[in-house]
Amino acid sequence: MALYYTAAPERGRIWKSMIADALPDLEVRLAPEIGDTADIRFLAAWTLPPGLIETLPNLEILFSLGAGVDQLDLSQVPEHVTIVRLIEPNLADGMAEYVAMMVLALHRDLYAYADRQAERLWQPLPQMPARDRRVGVAGLGEMGRAALAALKPFGFPLSGWSRSPRDLPGVTCFHGPDELRDFAAQTDILVNLLPLTPETRGILGAELFGRMPQGAAIVCAGRGGHLDAPALIAALDSRQLSRAILDVTPVEPLPTDNPLWTHPRIVVTPHVAAATDIDGSGKAVIANLRRHLAGEPMVGIVERDRGY
């Protein structure tokens, strides 16, 4: 019985030691040393090398090494193989910190004051109380809920949107395509933490921006595929949107000549909102392996028809 690991070598070496201590009967093989493929019941991967899964006749579980699975070509994965995404507490904590930081920076006009500093302009702006700034989070999974919990103490009116109905204390919840417009219309700062699916690709586009209150802002920390970059630039240039924080972009790394770098009302961070902790992620995978071997349900099983 073996687990085959195909991603970052440093993490692989640490995981191999961790799994050896926790599950001594499970052999961990690090790519490219695959050995007898018939032994491999578990695969841990960020992306799938073409043709790899076809060589693994006894594969039971594919562990995604990310919080999502949109980087994986799921069409390569046979129906009998369970796909599990990574649910690791440090990811949610890091995302909550990032979202709180950026929402507060937008709310208190930090970037507008940075612009004034560059001009040596001492000019206070009107200060809006948090109770009058409506913050909406698109995507109410683990990270979305963590972000909302981090924002709650500041007193913002909070709302959320998801594909299916949710009920969160202190949060006005919207769901489904029909309620997306209503969600956007009452959101002054929109935080995108959606999974990337065919339905959500390009969701941050002209139609959504046009539904938001004039002067609204966005924080994009989901996936770069959610963003229609030309539509964002047009919305900023027309002043429909006031500012955008982008931790993810349609192409990563963002090419040096891309206009997102230089737009005066866009702030770019290099996909750093939530970093996977090697130790924490290893423990999360070990916990799921133990559940599976004990015949118990795992955490983070992906619903293929939804892509997450």
>> Please tell me whether Leu180 and Phe174 are part of a single hydrophobic cluster in this structure, the criterion being side-chain heavy atoms less than 4.5 Å apart.
In response: yes
>> Restricting to non-hydrogen atoms, name the atom on Val28 and the atom on Lys16 that form the minimum distance, rounded to 0.1 Å.
In response: O-CE, 3.3 Å
> Counting distance only, does the side-chain N/O of Thr37 pair as donor-acceptor with the main-chain N or O of Thr55 below 3.5 Å?
Replying inline: yes
> Do Val103 and Leu151 touch side chain to side chain, with heavy atoms closer than 4.5 Å?
Replying inline: yes
> Can you name the closest pair of heavy atoms from Pro24 and Asp21 and give their distance?
Replying inline: CD-O, 4.2 Å
>> Counting neighbours of CD on Glu54 that are heavy atoms of other residues, nucleotides or ligands and sit closer than 6.0 Å, is the number greater than 12?
In response: no
> Just by modelled atom types, is the Leu236 backbone N or O under 3.5 Å from a matching donor or acceptor in the Arg265 side chain?
Replying inline: yes
>> What I want to find out is whether Arg181 reaches Glu207 closely enough, with some N-O distance under 4.0 Å, to be called a salt bridge.
In response: yes
> Would you say the side-chain atoms of Gln71 pair up with the backbone N or O of Trp46, donor to acceptor, closer than 3.5 Å?
Replying inline: yes
> Counting only heavy atoms not in Arg291, do more than 12 fall under 6.0 Å of its CZ?
Replying inline: yes
> Between the side chain of Asp109 and the main-chain N/O of Ala112, is any donor-acceptor distance below 3.5 Å?
Replying inline: no
> What pair of heavy atoms forms the shortest contact from Ala22 to Arg290, and how long is it?
Replying inline: O-NH2, 3.4 Å
> Do Ile34 and Ile40 have side chains that get closer than 4.5 Å, going by heavy atoms?
Replying inline: yes
> For the side chain of Glu33 and the backbone of Leu30, is there at least one donor-acceptor N/O pair under 3.5 Å apart?
Replying inline: no
>> side chain to side chain contact (heavy atoms under 4.5 Å, CB included) for Glu27 and Leu3? Distances and angles first, verdict last.
In response: CA-CA 6 Å; Glu27 180 186 0; Leu3 179 147; over 6 Å; no
> Would you say the side chain of Leu260 lies within less than 4.5 Å of the side chain of Thr249, judging by non-hydrogen atoms?
Replying inline: yes
> Judged by atom type as modelled, is there a donor-acceptor pair below 3.5 Å linking the side chain of Glu252 to the main-chain atoms of Leu254?
Replying inline: no
>> Does this structure show an ion pair linking Arg29 with Asp39, if we count only N-O contacts that are shorter than 4.0 Å?
In response: yes
> Out of curiosity, Leu59 CG to Arg41 CZ, how far, rounded to the nearest 0.5 Å?
Replying inline: 10.5 Å
> Any side-chain donor paired with an acceptor under 3.5 Å for Tyr5 and Arg11?
Replying inline: yes
> According to a 4.5 Å side-chain heavy-atom criterion applied to Ile, Leu, Val, Met, Phe, Trp and Tyr, with indirect links allowed, do Leu227 and Val248 form part of one hydrophobic cluster?
Replying inline: no
>> Counting neighbours of CD on Glu119 that are heavy atoms of other residues, nucleotides or ligands and sit closer than 6.0 Å, is the number greater than 12?
In response: yes
> Between the side chain of Thr187 and the main-chain N/O of Ile189, is any donor-acceptor distance below 3.5 Å?
Replying inline: no
> Given Trp15 and Ile278, is the side chain to side chain contact (heavy atoms under 4.5 Å, CB included) satisfied, shown in steps?
Replying inline: CA-CA 8 Å; Trp15 277 22; Ile278 294 177; 4.1 Å; yes
>> Would you say Leu91 ends up clustered with Met101 if hydrophobic residues are merged whenever their side chains have heavy atoms under 4.5 Å apart, either directly or through other cluster members?
In response: yes
> Side chain of Gln240, backbone of Phe209: donor and acceptor closer than 3.5 Å?
Replying inline: yes
> When you check the gap from the basic side-chain N to the acidic O, do Arg243 and Asp115 get nearer than 4.0 Å?
Replying inline: yes
> side chain to side chain contact (heavy atoms under 4.5 Å, CB included) between Gln117 and Arg120: does it pass, once the steps are laid out?
Replying inline: CA-CA 5 Å; Gln117 180 179 349; Arg120 297 174 173 81; over 6 Å; no
> Applying the side-chain contact (heavy atoms from CB on, under 4.5 Å) test to Ile245, which of Val268, Leu106, Ile218 qualifies?
Replying inline: Leu106
>> As a quick check of understanding, evaluate side chain to side chain contact (heavy atoms under 4.5 Å, CB included) for Leu72 and Leu62, giving each step before the final call.
In response: CA-CA 10 Å; Leu72 295 167; Leu62 168 61; 4.1 Å; yes
>> Between Phe154 and His107 (judged by ring centroids, cut-off 6.0 Å), do the two rings come close enough to count as a pair?
In response: no
> Passes side-chain hydrogen bond (donor to acceptor under 3.5 Å, both in side chains), Arg134 versus Gln186? Steps please.
Replying inline: CA-CA 7 Å; Arg134 301 165 296 179; Gln186 54 87 70; 5.9 Å; no
> For the hydrophobic clusters of this structure (ILVMFWY residues joined by side-chain heavy atoms under 4.5 Å, transitively), does one cluster hold both Val99 and Leu140?
Replying inline: yes
> Taking the six-membered ring for Trp, is the centroid-to-centroid distance between His292 and Phe42 below 6.0 Å?
Replying inline: yes
> Can you tell me if Thr200 uses its side chain to pair, donor with acceptor, with the backbone of Pro195 under 3.5 Å?
Replying inline: yes
> How about Leu289 and Met298: do any of their side-chain heavy atoms sit closer than 4.5 Å?
Replying inline: no
> Roughly how far, to the nearest 0.5 Å, is the CG atom of Leu43 from the CD1 atom of Ile61?
Replying inline: 11.0 Å
> With a 4.5 Å heavy-atom cut-off, do Asn58 and Glu60 have their side chains touching?
Replying inline: no
> So, Asn258 side chain and Trp261 main chain: donor-acceptor pair closer than 3.5 Å or not?
Replying inline: no
> Step by step, would you call His271 with Asp247 a side-chain hydrogen bond (donor to acceptor under 3.5 Å, both in side chains)?
Replying inline: CA-CA 5 Å; His271 206 145; Asp247 187 56; 5.0 Å; no
> Does a salt bridge link Asp188 with Arg133, judged by any charged N lying under 4.0 Å from a carboxylate O?
Replying inline: no
> Any chain of hydrophobic side-chain contacts (each under 4.5 Å) joining Met95 to Leu148?
Replying inline: yes
